[in-house]
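Report on one structure; see the data block that follows.
Order of the sequence lines sets the chain letters (A, B, ...), proteins ahead of strands, with each chain counted from 1. Fair warning: this is a prediction, and the values are worked out from it, not measured in the lab.
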Amino acid sequence: MGKILMKGNEAIGEAAIRAGCLNYFAYPITPQSEVAEYLSRRMPEVGGVFLQGESEVAVSYMLFGASACGARVFTTSSSPGISLMSEGISYIAGAQCPAVFVNIMRGGPGLGGILPSQADYFQATKGGGHGDYRLLVMAPASVQEAVEMVMLAFPLAEKYRNPVMLLGDGLIGQMMEPVEFPDHLKSEPTNKDEWATNGMDTRGSNKRNLVKTLFLDAGKLNEHNLMLKAKYDRMKREEIRYELYNIESDYKALIVSYGTMSRVCKTAIDNMKDEGLEVGMVRPQTLFPFPENAVYEAASKESCKVVVSIEMSMGQMVEDVERCVKGKLPVKWYGKCGGDVPTPEEVVEAVKSFL
Amino acid sequence: MEIDLDGIVIIVGNYGSGKTEVCINLAVNRKMAGLEVRIADLDLVNPYFRTREAKTRLAELGIEVVVPPKQYMQADLPILSPVVAGMIRQPSQLTLLDMGGNDVGVNVLAALGDALSGRKIHVLQVVNPFRPFTDTAEGCLKIRNEIEMASRLSISGIIGNANLIDETTVEDIYTGYDFVSGLSKESGLPLKFVTVAAELMPEIDIKHFTCPVLLIERQLVPPWKRSISLASKMK
Amino acid sequence: MGKTFAKPEALSDQHTHYCPGCTHGIIHRLVAEVIDELGIKGRTVGIAPVGCAVLAYNYFILDFQEAAHGRAPAMATGIKRVRPDLIVFTYQGDGDLASIGMGEIIHAANRGEKFTTIFVNNAVYGMTGGQMAPTTMPGQRTTTSPFGRNVKEVGMPIKMAELLSALETPGYITRQSVIKPKYIVRAKKAVKKAFQYQLEGRCFSLVEVISTCPTNWGLTPVQAVKWAEETMLPYYKLGEFKRPD
Amino acid sequence: MAYKHYIDSNRCKGCGLCVAVCPKNVLQLSEEINTKSYFPVYQARPEDCIFCATCCIMCPDVAITITGEIEDRPKQPA
C-alpha cells in the first residue's frame, strides 16, 4: 500500500520520524494531543525518545538541552502551549540551536476554544518571546503538505541553526487525508561538532563548546544580533515559498490567504469563476519570510482593483499584505475567529462587497 | 444483500477508522429500511468530526441524535449524557452507539455496564486497512483485544471500511475487502458489511462481495467541500 | 601528614568574578576535582544557571550550556534522554532551583532523570542584588524583606532536600556545607557519590550545599561562615536524606 | 621530604577564610594590595606550617597550592 490515510496530527508525527528526527518532547493540549499519542506508540518502535514533560515551559528547554548537544528534536503544541514555550524559543534562537516547533492553532486569547484558528500569526512571525529573533514559519494547507513541510523543517533548522515553526490550524491537525512520505526528504545527520556540547571526547578534541545567550558586553551583543539579522536576511533571499492560484486570469480582486483557509478560498474562487468573476490568490507557504514580491507583483496587475487578506484571525496577516502592496491598491480584511471556519459562500460575499 | 442489524449496535474501532461516518450512514440506511433509529454520540475523546456535526441533517430524517448539552457541544470535556443510559434501557428498533477511538474511546462503555448487562448487543469493529496500526491483521487483533479489555464487552463482528477518502480507487475497495475477509477468517468474527463511497459505486461490481455493502455519503467534510445531502436520498 | 594540593584540571585558570569569601569557588573546585578523579572531563556537560553562577562556564574546562532561570533540570533532561552516555550536571542557586525552577527540579527528580544537581543554598538572591529567596531565614533582612522575613506572610524557608526526598522515586539526596574545612571534605565525598550514581546510571542525584553570601548578608567572610553555622545549620540539617539502595 | 606552600597573591581576594581556619596560625593578611586591589594573604610564620592543606581546602579561589611528595613525611617537630 503506497498511500495511507492519516490525521494531520498523526502524519506530522510520522513525518518527523521519516525525516530522521527520533527525539520528541511534548505536553498534551487539544487539538494536537494525537501527535503525542501517536508518537508514544511509534517512538518505541523506532528506538526513539518520547517524553511527556511537566509543562510546555519545561518541554521547550528539553528541546534546547537536547538540541544543544547535537540531537535533532521537535515538539508540537497548540496556541496557549506555544505561549509558554516562547520563553524557550527565544533562548534557542539566541543560542542558535536547530529545533522544530509545530503549532496546531486554536482560538484565543486566553483559553479561547479548541476549534480552528489562525490567530497566532503575530506570535509566530513577529515574536512571541523576547528579543530580536525570527522563526522560519511554514503554513501547510493539506495533510500531505504538512508532511512535506515537517520533513523540510529539519534541514532548514539545521541550515540556519534556528528554530523553524510549522503553523497549522486545528483543521490541519484533525482532518484525515491520504498521505505519502517522500523518501527523498529524509535528512542525513549533519555535523554539529563545531558548536554542539556533545562532549569533548565525541569530537576527539580538547576544545570545549559553549551554548549560551548571555553577552554582558554591549558591543558583543550588538555583533551577535547583527549576525542573527544576517541569517534572517538570508532566509528572506533563499526560503520564500508560495503558491499562486488563478493568477493567469484577468482577476478583479486578489486574495491573500494561507493554511486551510486558502482551501475555502480556492472553492470560492472556482465558484466565482463559474459566475464570470475572476479572482486570483497568493497563498504564502512561508509566513516568515513573507512572499513580499509575489504579493506586490500580483497586486500590480492592471485588472486588479482590490486586495483582500482572508484569515481566521481578526486581521493579523493583513498588516503584512498592506506592507507588500505599498499603497498601490486598497487592502481589505475578511475573517472569522472562534472556530467557525468561513464558508466559500461567505468568502464570495465578502470579496464582492469590496468590489 | 441487506444489512441485517437491529437492537443495540455499538460501533468501535481504532482511532480514525471511520466509525462516525459508518454510524451516520448506517443509521440512514436502516431508517430507509423502515426502522426507528437513534444514535448516541459517545465520542468523548476527539473534539473534532463527531456525530454531533451531522445532528441537524439526521434530525431532518427523523433520526434522533443524543449529544452532550448544547453549551458543552464543542467543549474539550468528556461529558456523558445521562440520556444515554436511558436509551439503552429503552432501545428503539436500532440504537447506535458511536464510540471514540481505540481502547480509550470505549472506557465509557464499562461505565454503562449496568445499563448494558443482559441486553442483546452487537459490538462491531470498524477496520480501515489504510490506517496506521491496522494495516495488518495482527494490528487489528491487538486493537480488538485492547477495546475488549477496556469496554469489558466482546466484539461480535467486523465492518470493512477501506478508504483513502477522495483518493480511494476501485482497486483499493477490492484490496480492502480481501483484507477484511482474511481478518474475518483469522479472527472467527463475521464480516457484517463493507462500505463503498457513493461516487465509486457505479464502478463497483457488487458480485465481488459475499457480504452486504453500505453506501457511504460523506457527511464529515472540511468546510471547503459540500457533503452529499442525506435528505435527498429519502425521496 | 602533609598533602599536595593543586588546581584540578577541569577548572580553568580564569579568576572568578565572585566576591571575596564567596563559597561558590570552593564548590566549583569540588566539582572539578570529582570530574578529574572520575576521568569524565571529555564527556561531561555542565549547565550554568541564572544567578551568581551564570558565568560558571568560564571557570570549567568542560562543554557547557547556559540555561534560563530555573530551567536547567529540563535542559539536563533533554541531554540525558538523547545522550545517556554524557555526564550532566546542573549548578543552581536557591532562587533558580527553589523558586522559579521548582516545577522543573521536582519533575526531573521524580522522573529519576540520571543527572546530578549541585544546589547552592545561601539564603538570598545574590545576582540580582540581595532579594529574598525561598530559602531566606525567618527574620533575615534582604532588600525585599527589609524588616526581616515575615513567615506569616511568606511562609517558612523551603527545605529542598527534605522536599525532594519525599518523592517515592529512588534518588540520592544530601545536604552538605562548605563553611568549614571538615564540612568541605564531606561535601566532596557527597559530590563524588552523586556523580558515581549517575555514572552507574542509577538515579537522580542532588547535593544541596549550604553556602554564604557575605556581600548581601552584610558580613565579613569570616562573620558570614559563623552566621551560616549558627543560623542556617540548625534549620538546614546536614546529612544524607535519601539513597537509592 | 620537601613540601612547598605557595600562595598566588594575585589570585587571592584577601577574604581571610584561610587565616581563620589555619590550625597553626601561620597566615596573615598583607598590608599591601595585589594587582586586583585586594590585600592578599601571606605566610607570616612559614616555619609553623604543617602542610595540612586546610587553608587550600577553605580557599574559594584556589590561590594556595602545596607541592611535594604524596607519601607520608616525618612529623614536624613539636
Side-chain angles (χ1 to χ4, degrees), chain C residues 1-33 36 52-53 59-61 120 122 177-189 209 211-215 219-226 228-229, chain D residues 1-24 26-30 33-41 46 48-78:
Chain C
M1 264 292 289
K3 291 175 185 170
T4 57
F5 193 97
K7 180 187 76 60
E9 267 182 45
L11 213 57
S12 76
D13 278 329
Q14 203 165 336
H15 296 191
T16 70
H17 69 284
Y18 302 117
C19 302
C22 168
T23 45
H24 267 310
I26 302 174
I27 305 165
H28 282 17
R29 195 192 75 227
L30 298 187
V31 171
E33 282 175 359
D36 278 5
C52 276
Y59 312 131
F60 290 96
I61 305 176
V120 181
N122 62 5
S177 177
V178 287
I179 57 175
K180 277 187 170 179
K182 64 171 182 183
Y183 296 146
I184 296 173
V185 172
R186 277 184 228 153
K188 167 148 176 214
K189 285 185 184 146
V209 187
S211 188
T212 64
C213 183
T215 304
L219 300 172
T220 68
V222 175
Q223 287 169 333
V225 293
K226 192 160 176 277
E229 173 102 36
Chain D
M1 297 302 265
Y3 278 95
K4 204 164 171 280
H5 185 282
Y6 171 74
I7 299 171
D8 182 343
S9 321
N10 288 327
R11 270 193 99 90
C12 176
K13 293 173 182 161
C15 69
L17 287 177
C18 57
V19 178
V21 299
C22 175
K24 295 291 174 186
V26 172
L27 303 163
Q28 207 167 301
L29 292 182
S30 164
I33 58 166
N34 65 8
T35 53
K36 289 187 292 188
S37 305
Y38 293 122
F39 296 96
V41 75
D48 290 346
C49 177
I50 55 168
F51 305 101
C52 64
T54 305
C55 53
C56 308
I57 290 169
M58 197 67 214
C59 175
D61 295 286
V62 207
I64 312 173
T65 49
I66 292 175
T67 53
E69 304 296 319
I70 292 170
E71 292 85 45
D72 278 357
R73 42 170 270 170
K75 280 198 172 158
Q76 290 278 334

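A donor-acceptor pair is defined here as one N or O able to donate and one able to accept, closer than 3.5 Å; such a pair exists between the side chain of D:Lys13 and the backbone of C:Tyr18.
Residues C:Pro181 and D:Val21 have side chains in contact (heavy-atom distance under 4.5 Å, counting atoms from C-beta outward).
Of the atoms belonging to C:Lys182, not a single heavy atom falls under 4.5 Å from chain D. Heavy atoms of C:Gln14 lying under 4.5 Å from chain D belong exclusively to its backbone. Only the backbone of D:Cys59 comes within contact range of chain C, with heavy atoms under 4.5 Å apart. Only the side chain of D:Tyr38 comes within contact range of chain C, with at least one heavy atom under 4.5 Å from a heavy atom of that chain.
Across C:Leu11, C:Thr16, C:Val225, the residue that shares the most heavy-atom pairs under 4.5 angstrom with chain D is C:Thr16.
For the atom pair CZ (C:Phe5) and OG1 (D:Thr54), the distance works out to 10.5 Å, reported to the nearest 0.5 Å. The distance from atom CD1 of D:Ile57 to atom NZ of C:Lys188, rounded to the nearest 0.5 Å, is 8.5 Å.
Nearest heavy-atom pair, D:Leu17 versus C:Gly21, reported as atom, atom and distance to 0.1 Å: CD1-O, 3.8 Å. Closest of all the heavy-atom pairs between D:Cys15 and C:Val222 is O-CG2, 4.3 Å. Between D:Met58 and C:Ile184, the shortest heavy-atom distance links the atoms SD-CD1, 3.6 Å.
D:Ser30 is linked by a side chain to side chain donor-acceptor pair (under 3.5 Å) to nothing, counting only residues two or more places apart in sequence or in another chain. Legend: residues meeting side-chain contact (heavy atoms from CB on, under 4.5 Å) with C:His15, ordered by chain and number and at least two apart, are D:Arg11, D:Lys36.
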